[in-house]
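Structure first, then comments.
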Amino acid sequence: MLISTGINMRIKRTYHCILIFFFTALPLTGIYAQSGVAYTDTSHYSPAFGHQKAYRLYLPQGYQKAGKRYPVIYFFHGWGGRHFKDDNALLEYDKIKLLVDKYQSILVMWDGNIDTTEPRPYNTGDHGDIKYMVQEKDYFPELIAHIDSAYRTLPGRQHRGIIGFSMGGFMAFFLAGKYPEKVTAAVSFAGSPEFFVGSPADHTLYPVRYAFKNLADVNIQLHNGDSDILYFLNEEVKEGAGWEDVKLDYRKFHGGHMIDKTGETTAFDMAMKFVLKSFNKKPAPKPRWSHYDLYPAFGAWDYSIQTNKKEPGYLFLRQVGKTGFGFYTRKWLPDGPPVNIDSAMVSTAAIYKPGRQYRIIIYESKTGKLQEDLQKADTSGRLSFNNAPETETGIYEEGDNASFIFLDHTTRTNSRYLQNRKSGSLSLRLFNRAGTRPWPEKIIETFIRTTRVSASKKTPS
């Protein structure tokens, strides 16, 4: 159902923003745990890279006792860094072992190096920095699987977090947003605010400040030094979380581009404490979620999307829930034009009753057309759709209650915004994804019915 609601109002005050936009991997034994060594450097084979990938591993005191399992924190280094060094962060590697013991967690420092001939990690940056086909989004799940199989971890997102510095801070927020079902907390120390991500032929600018929809279900913390060259950019990142009403634990400190002062672990302790506290919080179930992704095929929260996207840009699953989802594309965030895509297949999570028939309603925003259909959930409880972009899909059974989502808005002057301290008219369009109640009309009549509600209020200037 589409509803157009007109609201006349006089705006006294507004808040607004401007949108532009060679080793063998060996699990450690009790001998290592009792040796007093703070950490060990080891490796595992990565199919994504096609060779061994090194990492630094910290195990907590008491790990040698069989039976107990531990949460895992992953640390991502910055530019020029490796798993064993970060000249800008100046980490106190031996002292960090005391924090690992204190918080009784496993700490893994991964190696973001792509090619040992250059210091730039992660295959991210400006256009000329995207040189490799290998993608860190493919490697991170491999590393998680290896750590969970080789060591006594507590598997699952509720026991897994990320801490990153500088470029690693960007990767912490990017990968936590890419895989929110795998990570419950992410901390960025002076993280880079935006980078291009993808392959040499198809890479897209990922501005963290406009991508907080991806982090809505992740506990996030940002450290920002007042004399850091990135300070004002990360102030924008902080504001971006507010625009999406995403809670961000923002920590401003006196200093530059760093984690801790030489010889200290105060800030690293704060980050580990934040992550560990997040592990103890029971996730609040949310009826709907949204996700931006810049790859042609991806998964999120057990949904699967396959497209033939061949140019830079985003695929956007919007307000996803049991009663449906929106599927859109954007050449850039936050509000770029659509991307040209010929085909797209969306498969839902296994949240429907296998073999049960569901009513489907599809609204095409480009044409304004509404289509009805019926579909049976497969044996796993999934539904699949070959949808064009810029569509809303409603899923329901006969007798279900209405489920409205906001589509878009217009003003009387066709402007994007109402003007401060001036009377204006705002029209909202809503779409009912689900049942017919409380309207008794036939389905097709219910969905195309239009209602206008007007209200006016004068306020002193």
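Every heavy atom of this structure was used, including side-chain atoms; hydrogens, water molecules and symmetry mates were not. Numbers here are sequence positions counted from 1.
Put simply, the side chain of Phe406 reaches to within 4.5 Å of the side chain of Leu430, judged on heavy atoms. In this structure, the side chains of Phe170 and Phe76 stay at 4.5 Å or more apart for every pair of heavy atoms. Residues Leu91 and Ile96 meet the side-chain proximity criterion, which asks for heavy atoms closer than 4.5 Å. Inter-residue side-chain proximity for Ile144 and Tyr74 is flagged as met; some heavy-atom pair is nearer than 4.5 Å. With contacts defined as side-chain heavy-atom distances shorter than 4.5 Å, the pair Leu98/Thr265 does not qualify. Side-chain contact check for Pro354 versus Asp378: every heavy-atom pair is 4.5 Å or farther apart. Side chains of Glu136 and Phe49 form a contact here, defined as non-hydrogen atoms less than 4.5 Å apart.
With Ser46 as reference, Glu142 is the one residue of His51, Lys53, Gln52, Glu142 to meet the side-chain hydrogen bond (donor to acceptor under 3.5 Å, both in side chains) rule. The one candidate from Phe385, Phe327, Trp289 that meets the ring-ring contact (aromatic ring centres under 6.0 Å, His included) condition with Tyr303 is Trp289. Here the rule is side-chain contact (heavy atoms from CB on, under 4.5 Å) with Ser278, and of Val183, Asn219, Ile220 only Asn219 fits it.
Here the CD1-CG distance, from Ile106 to Leu154, works out to 8.5 Å after rounding to the nearest 0.5 Å. Between atom CD1 of residue Ile73 and atom CG of residue Leu107 there is a gap of 6.5 Å, rounded to the nearest 0.5 Å. Between atom OG1 of residue Thr42 and atom CG of residue Leu57 there is a gap of 8.0 Å, rounded to the nearest 0.5 Å. To the nearest 0.5 angstrom, Leu383 atom CG is 12.5 Å from Lys376 atom NZ.
Between His83 and Tyr55, the gap from one ring centroid to the other reaches at least 6.0 Å. For His77 and Tyr122, the distance between ring centers is under 6.0 angstrom. Between Phe195 and Phe174, the gap from one ring centroid to the other reaches at least 6.0 Å. Taking the six-membered ring where the residue is Trp, the centroids of Phe298 and His291 are separated by under 6.0 Å. Ring pair Tyr139/His44: centre-to-centre distance below 6.0 Å.
Asn88 and Ser166 share no donor-acceptor pair across their side chains, judged by distance under 3.5 Å alone. No donor-acceptor contact under 3.5 angstrom links the side chains of Ser365 and Arg429, judged on distance only. No side-chain donor from either of Lys137 and Tyr179 sits under 3.5 Å from a side-chain acceptor of the other.
When all heavy atoms of Glu118 and Asn113 are compared, the pair lying nearest together is O-ND2, 3.5 Å. Of all heavy-atom pairs between Gly225 and Tyr231, the closest is O-CD1, 3.3 Å. Heavy-atom minimum distance, Ala176 versus Val218: O-CG2, 3.9 Å.
Enclosure of atom NZ in Lys238 by more than 12 non-hydrogen atoms of other residues, nucleotides or ligands within 6.0 angstrom is indicated. Open room surrounds CE on Met133; 12 or fewer heavy atoms of other groups in view lie less than 6.0 Å from it. For Asn386, the CG atom is densely surrounded, since the number of other residues' heavy atoms within 6.0 Å is greater than 12. Remark: Trp301 CH2 is packed, more than 12 non-hydrogen atoms of other residues, nucleotides or ligands lying under 6.0 Å away. Within a 6.0 Å sphere centred on CD1 of Ile229, heavy atoms belonging to other residues, nucleotides or ligands number 12 at most.
Here Arg330 pairs with Glu390 in a salt bridge; the nearest charged N to carboxylate O distance falls below 4.0 Å. At a threshold of 4.0 Å, the pair Asp269-Lys273 does not count as salt-bridged, since none of the basic side-chain nitrogens sits closer than that to a carboxylate oxygen. Between Glu239 and Arg209, none of the side-chain N atoms (NZ, or NE/NH1/NH2) sits under 4.0 Å from a carboxylate O, so this pair counts as no salt bridge. Ion pair Arg318/Glu392 flagged as a salt bridge, since at least one NZ, NE, NH1 or NH2 atom sits closer than 4.0 Å to an Asp/Glu carboxylate oxygen. Ion pairing between a basic and an acidic side chain is recognised when a charged N comes within 4.0 Å of a carboxylate O; Lys247 and Asp249 show no such pairing. Between Arg160 and Asp148 there is a salt bridge, with a side-chain nitrogen of the basic residue lying less than 4.0 Å from a carboxylate oxygen of the acidic one. Ion pairing between a basic and an acidic side chain is recognised when a charged N comes within 4.0 Å of a carboxylate O; Glu181 and Arg157 show no such pairing.
Using bins of under 30°, 30° to 60° and over 60° for the plane-to-plane angle, the ring pair Phe316/Tyr328 lands in the tilted bin. Below 30°, between 30° and 60°, or above 60°: for Tyr292 and Tyr314 the angle between ring planes is above 60°, a perpendicular geometry.
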**Request:** Give the C-alpha distance, both sets of side-chain angles, the deciding distance and a yes or no for side chain to side chain contact (heavy atoms under 4.5 Å, CB included) between Glu92 and Thr262.
**Result:** CA-CA 8 Å; Glu92 296 291 335; Thr262 302; 4.3 Å; yes

**Message:** Go through it in stages, so that I can follow the logic: the residues are Ile361 and Tyr396, the test is side chain to side chain contact (heavy atoms under 4.5 Å, CB included), and I'd like the CA-CA distance, side-chain angles, deciding distance and then a yes or no.
**Reply:** CA-CA 9 Å; Ile361 184 78; Tyr396 66 100; 4.3 Å; yes

**Thr153 vs His159, side chain to side chain contact (heavy atoms under 4.5 Å, CB included): CA-CA, chis, key distance, verdict** = CA-CA 8 Å; Thr153 69; His159 307 285; over 6 Å; no

**Request:** Apply the test side chain to side chain contact (heavy atoms under 4.5 Å, CB included) to residues Phe75 and Ile259: give CA-CA distance (whole Å), side-chain angles for both, the deciding distance (0.1 Å), then the verdict.
**Result:** CA-CA 12 Å; Phe75 176 76; Ile259 293 181; 4.0 Å; yes

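Remark: Arg56 is positioned above the aromatic ring of Tyr93, its terminal NZ or CZ atom under 6.0 angstrom from the ring centre and at most 45 degrees off the axis.
In this structure, Lys309 contributes its side chain and Leu294 its backbone to a donor-acceptor pair below 3.5 Å.
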